[in-house]
Amino acid sequence: MSTSPSSNSPLLVLEDLSKSFGGLRAVHELSFSVQAGSITSLIGGNGAGKTTVFNLITGNLGADSGHILFRGRRIDGLPPHKIARAGIARSFQDLRLFSRLSALDNVAAAIPQQRGESLLASLLGGARLKAANRENEARARGLLEQLTLAGHEESLAEQLSYGQQKLLGLGRLLATEGELLLLDEPTAGLSPGMVEDFCGRIRRLVDAGKTILLIEHNVEIVMRLSDWVVVMHQGEKIAEGVPEEVRHNVSVMHTYLGISS
Amino acid sequence: MLTVEKLNAFYGKKQVLFGVDLTLRDRSIAAVIGPNGAGKSTVLRSIFGLVRERQGRITFDGRDVSHLSPVHNIAAGLAFVPQGARVFRELTVQENLRMGGYTLPSAVLAQRRESALQAFPVLSERRTQKAGALSGGERQMLAFAMALMLRPRLLLIDEPSIGLAPKLVTQIFDTISAIREELGTSVLIVEQQAQQVLRVADTVFVIRAGELISHGPVENYRGEDVLRQVYLSNRTSQVN
Amino acid sequence: MDYVIYIGNLMALYATLAISLNLLVGYTGLISIAQAGMYGIGAYITALLALNFTHDLLLTTLLSAAGGVAVSLVVALPALRLRNEYFLIATMGFQSIIYSLFMNLELTGGPNGLWGVPHPQLFGFTFNTSLEKFLLAVALAVVCYVLALRVTRSPFGRLLRAVREDQTAVSSLGKSVYRIKFSIFIFSAIFAAAAGTLYTYSITAIDPVAFALDESIFIITIVIVGGTGSLNGSVLAAVLLILLPEAMKFLPIPALIAPQIRQISYGLLLVFFTRFRRQGLIGEYQDVLK
Amino acid sequence: MSVLSQFVFNGIVAGSVYALIALGFALIFTASRVFHFAHGGVYTVSAFAGYTVMVTLGLGLAAGFATAALVAALMGVGINMVLYEPMKAGNVSPFVAMISSFGVLIILTNLTAIVWGSNPTVLSPGGSATIYRLGPIYTTGPQLQIIVFTVVLALLLWVFFRFVRLGIAIRAMGSDAELAEVVGMPSRRLRHISFIVGSGLVGISSLLIGLNVGIIDFNMGFDIMLMATVAMIIGGLGNVGAAAAGGFVLGVVQNVAIWKIESKWQLAISFGILILMLLFRPSGLFGERGPAA
Amino acid sequence: MQRIGGLLVTLLAAALWLAPVGAQAQMAKGEPYRIGIILPMTGTAADYGADFNAGAVLAEEEINAAGGVNGRPIKLVLADSKASPKEGVAEFRRLVEVEKVPAIISTMTHIIVPQFPISKETNTPMITVGAITPLIRTAGPTVFSNYPLADDEERIIAEYAIHKLGIKKAALIYENSAWGKQLGEIFSAEFKKLGGEILAEEISEKGGRDFRSQLTRIRATNPPLLVAYAYYGELGLIVRQSEELGIKTRFMSMGAPQNQAFAEIAGPAANGFISGSPRWDENAPQVKAFIERYKKRYGKDPDLYGPYFYDAVRLFAAAIEKGGYSKEGIQKGLRELGNFPGVNGTMNFEKSNVALLPLRFVQFENGKWMPIKN
């Protein structure tokens, strides 16, 4: 096993995390960390527990044991919205867009700390609220433009093509201004051209200072993008390392590919 | 006996399969392999009629079954074992078997159930237990047994290894092999763990990102390098 | 004229009730059938205050609203933990319990209800004609409509609709779903309770039957017929559904079965709109829950 | 002690009525996942249809029960065909079907009032019941009949759901609708059958309950549906036996509570139990799965 | 051909059936005098509505058949209160303003009380029937009742229990409605005033069908008298279920049980039931004739309140004849009627807006209500 890619203190640390459903051990004594400014990929077969790890990090599931630290602070036990506010944003495998909201609203809804986001403020209204709203909408428009969705602001999310929906999901994620982005299969279902586009975007996000934890089935993409790869099998970490190392790791071949020598 | 031509499938707006072609010979085992999320399961579900948004032509024994619903596909001689050792968890083992042979006359059903229980001694021991209380391997066996109640001519199996320990996986694939030997059933099997399935299959189809990227006799796929290429390298690789 | 004014008064009250319920049902996806209970809380608080302490309009309205808030807290705390049909059944339970309290407490006069409520006063002015009371109801409906519009068009309103679409996604954006639901639940209760205040003043005598489960079903019917998620729809449907039975009274139906025929036509409306036109008269989408 | 035993027994009598209604209601819910409130309307109409044949036309008890069952079965399956099946095909949320069902209940209730009038209708005159005394407990023939019928029916349904292929299939469909399709079950037909059976049972129950109470009236479907809903939630959703047991539990708790609490709070107690169950044991006392969000 | 013949026969039959209407029009001509009547026609109390309406319609038909009032027919305009005050108020206003009726018959305490101010405002006379709240007495000059109010009726019933029956302990059960609660509470107060003791006080829901738990509580107190205030359906069940629970007691109530359906529902268990009400002396010829006519028209015995609705229509008709077809005229007419011969006795509104009729006590014996021999 090699050492971590950088010596900075990690942004996210998972320590001995376990979670069972009934008798099924979905995640078992899992530990790994994510360095700030890196792309870390989580790979493993179906049912390996990757999405469960995401749900544990974001607080959608409570861990049976173990800790999660974000910027050195424990976040396990916090409700999902507090974890999100702390700076962890996630995308979903099945997108979970707000189907019957416009593209603009989908993105605008995600902007943090908006004036008028509380009932009282929205009732009171006022010029400052209006100005803030204009500003936020402008921001959302900007994001849509970046994502080549300009002109679709008023379309309902459900009216967009699948590729556009994926972009919109990314837009919503970016609008949260989260520092750590958890991406659950961002390229699944995309055409090859769009996959390339997405990879480029993901790279640029890191350049812009984001940190990324990725679940991805397309191993080729994983190998190309990642700074660090964590391999899971049946809830346990069976290997981690830089992509080349993992590619040649025997136990990965063994379990992940089902190759028994 | 089965040919699939230019199969496209959609989940809502999302196209999952792009013009997949498959052929399967009588009494053979074909494996559909490929990385997760490639659309392998969708191939099976489309053939069986569970994915309704599909295009293309599917013929079974020379008969066009492209637009049949599951009920009619069963009548035509197909059976499907879904992913995740799916059984009726609140029903007992016996009841599950009965449901597997739902469309059969009761005399035949009783007789088949007995032979199923004989064939799977594990199930016989637990015939009155709720299926939800079975272990993963036992549930997978039960799922097979249910599908076999109908004595299908073609069995479609979706990722039987999911969530099972390696030893059990071996056992499962031995069972599949035995099914073909004893019952003469053709099998189309989707699997992500290549090594195991290649042990029993005759033909291999590789799917990635919803497209068939290679196919051929199993011998061509036995080497590690080949697999590594299939799974881990870029998409343009050709094997045969 | 008073008859027409009174019907108008009812339309305005039901428009308020329907708008406030639509914020829950149509915008947030919370299918509540406890609205008549909240309405009744306002009505009873007003009657008790007016009979014993003050019939100042402002004061009684504020205290009724406060009562609405208090009761909605009691209902919301547990009920908001449930989803979909289970939330609906829980609110049905609360509705029935609130009704039972009205029916059996000494304070509320039990089945006798409370009688002889004086006319409301505001800054020395007494609202003692039907017309004045009607104008009050219209004013409330307008305030409710304007505020509801403001809410739905604000970032908060965006979050309401986002909650309706996908709660998990909303919380993943750092927004507290619970806070959002809670605030709108309270807002809705405030207006329902205020409608109760004006109802009490316009009818002068209240009893539990007016706030029973069928009343809640009637209010949700208005929301469905008007269109979930459409404020204009709620107003339109409140007008139509109050008008329809009144209009039917002018049809030549044998007197003995006419009342049942009116009930049946109301049932038919429910079935028609749920089966063939789920977006309602002018609603924005088909199905509240996906 | 004698008072308590009478309260418990009252609870069993009341509970068997709830259980009878909840049985069909739960059977239909199991198969179709619809809160079929119109069940209450079917209950009312079938009782009056049975009354017409039995009393007005004087064709006897058997003909009355047969008519009630037949009318109920036809209505139940009709409602499913016209309302729920198209909704299911259109992927409409169960909530909409539930509201629609309320509409049907209103229609049927008022139709009954038009056809048979709104006065209570005497089905069995007072004094026709034999009174028995079992220790400190007083009871009557019809009460014992209804309890026995409920228990027998629950047992029969248990047998049906355990041993009859159709019954197992309906359970299977409730347990996993997609897998049911995979093994080739005709889901639509199974749902129709469930409506026929569940409604037919409520038809029989309607007369049985009517004979026990003595009178039937157009409005009787409303309250009983509320109680059947509570019974089903107490017992556990999607399980017919649990719903019946829930009916008995509700009846007994309601009645025993009255031992110490004023009777006017009976309704509030029932709904209090409902809410507590939803919050703390959503899977019901005897159910396996809850309304997981 | 045969089918057409059948159709003709049907049409002819229909014409014959409709014929009496034509015949009436010959006797009473011109624009009808309109009288409003607001009843609970739908909802839980719809059984009241059906019975009450039957009484009123009988009067309408008879008056018109007999040539109407001043040669003009009268016409009842029926409105549905749904037993809801909101509807009651709407219907009152509609009847006055749209239907232009100068007089209204209404019922049920929680319905009529919010109607009082409108009656006063619009100066529309209303006769309330069977709503027994003492508030009627002070509701103003436009509100009348041809049925005694609870403070009178229940006081007399309490006195009867204590003095005539010599019973000092009683259990009480009453309908959980404004009507039932007032009857129950006034009885309870009067009974205690006279030194009586209430052993148990229970409620019965309108539309309820199972009163066993309440009755079991009552049974535990072993009461010599069970006073029950509920309408005949529920009352019949209370008696029946009491017997089924082995309660041996004497029952007492106001007039609600004096009805055929009650007798059927309760059965022989009702034997000994004492009912006190301002009801007829069955031996009086006009009463016998009324019951005959009612039975002929509806095929069953009249209920308690039906005759009072019958009388209410006739009272208005007489008042129109005397004072003219206007709101003022009808009020004046009612007050000046003097001793009006009602079915159940003579009514007089000269001094009070409530017609006082003496209470008569009857006892249920073998399927019939019999005068009590003293």
Side-chain angles (χ1 to χ4, degrees), chain C residues 1-11 13-14 36 39 43 100 103-104 106 109-119 128-130 199-200 202-212 214-215 218 242 245-250 253-264 266, chain E residues 37 39-46 49-50 53-54 57 75-99 108-118 121-122 133 135 138-139 174-182 184-185 203 205-206:
Chain C
M1 234 356 240
D2 275 353
Y3 163 63
V4 178
I5 291 170
Y6 179 74
I7 296 301
N9 192 337
L10 289 183
M11 286 172 180
L13 290 178
Y14 281 96
Y39 174 46
S100 181
M103 192 73 176
N104 296 310
E106 286 304 316
N112 295 335
L114 300 166
W115 295 330
V117 176
H119 298 303
N128 50 14
T129 68
S130 323
Y199 172 77
T200 298
S202 48
I203 198 158
T204 71
I206 56 169
D207 83 314
V209 180
F211 314 106
D214 23 351
E215 194 66 18
F218 180 63
I242 299 288
E246 296 302 325
M248 283 182 74
K249 287 171 188 166
F250 297 95
I253 305 170
L256 210 53
I257 58 165
Q260 283 88 359
I261 298 278
R262 287 197 293 273
Q263 290 290 302
I264 289 172
Y266 157 56
Chain E
I37 177 165
L39 300 174
M41 297 306 292
T42 55
T44 35
N53 191 52
V57 166
K75 184 175 188 312
L76 289 178
V77 184
L78 176 64
D80 179 17
S81 69
K82 296 184 193 163
S84 148
K86 177 185 72 190
E87 300 287 336
V89 166
E91 289 300 70
F92 198 104
R93 290 198 192 278
R94 183 176 68 87
L95 289 182
V96 171
E97 292 175 20
V98 181
E99 299 288 349
M108 297 186 86
T109 298
H110 68 295
I111 304 295
I112 60 162
V113 170
Q115 288 171 342
F116 292 162
I118 318 168
E121 241 171 68
T122 60
T133 174
L135 291 174
T138 54
Y174 54 81
E175 182 181 295
N176 203 12
S177 67
W179 174 78
K181 195 175 164 72
Q182 290 195 40
E185 283 177 346
I203 56 110
E205 296 295 344
K206 175 79 186 122

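Only this structure's heavy atoms are used, side chains among them; waters, hydrogens and symmetry mates stay out. To find a chain, count down the sequence lines: A is the first, B the second, and so on, and within it residues start at 1.
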Please look at E:Glu175 and chain C and tell me whether the side chain, the backbone, both or neither of the residue comes under 4.5 angstrom of a heavy atom of that chain.
neither
What part of E:Ala79 gets within 4.5 angstrom of chain C, counting heavy atoms only: side chain, backbone, both, or neither?
neither
Is E:His110 close to C:Asn112 at the side-chain level, that is, under 4.5 Å between some pair of heavy atoms?
no
Which atom pair, heavy atoms only, marks the closest approach of E:Pro85 to C:Asp207?
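Nearest pair, atom of E:Pro85 first, then C:Asp207: CG-OD1, 2.9 Å.
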For C:Thr204 against E:Pro117, the heavy-atom pair lying closest together
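In terms of heavy atoms, the two residues are closest at OG1-CG, 4.0 Å.
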Chain C: which of [options] shares the most heavy-atom pairs with it under 4.5 Å?
options                              : value
E:Val96, E:Ile203, E:Leu135          : E:Leu135
E:Thr133, E:Leu78, E:Val113          : E:Val113
E:Ser177, E:Gly49, E:Gly180, E:Ser84 : E:Ser177

Salt bridge present between C:Lys249 and E:Glu91 (N-O < 4.0 angstrom):
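E:Glu91 and C:Lys249: salt-bridged.
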Indicate every side-chain donor-acceptor pair of residues 1-10 of chain C with a distance under 3.5 Å to a residue at least two apart or in another chain.
unit_1, atom_1, unit_2, atom_2, d
C:Asp2, OD1, C:Ser130, OG, 3.4
C:Tyr3, OH, C:Glu246, OE1, 2.6
C:Tyr6, OH, E:Lys86, O, 2.9

Can you list the steps and then say if C:Arg262 with E:Thr42 is a side-chain contact (heavy atoms from CB on, under 4.5 Å)?
CA-CA 10 Å; C:Arg262 287 197 293 273; E:Thr42 55; over 6 Å; no
With sequence neighbours excluded, residues passing side chain to side chain donor-acceptor pair (under 3.5 Å) with E:Glu185
E:Lys181
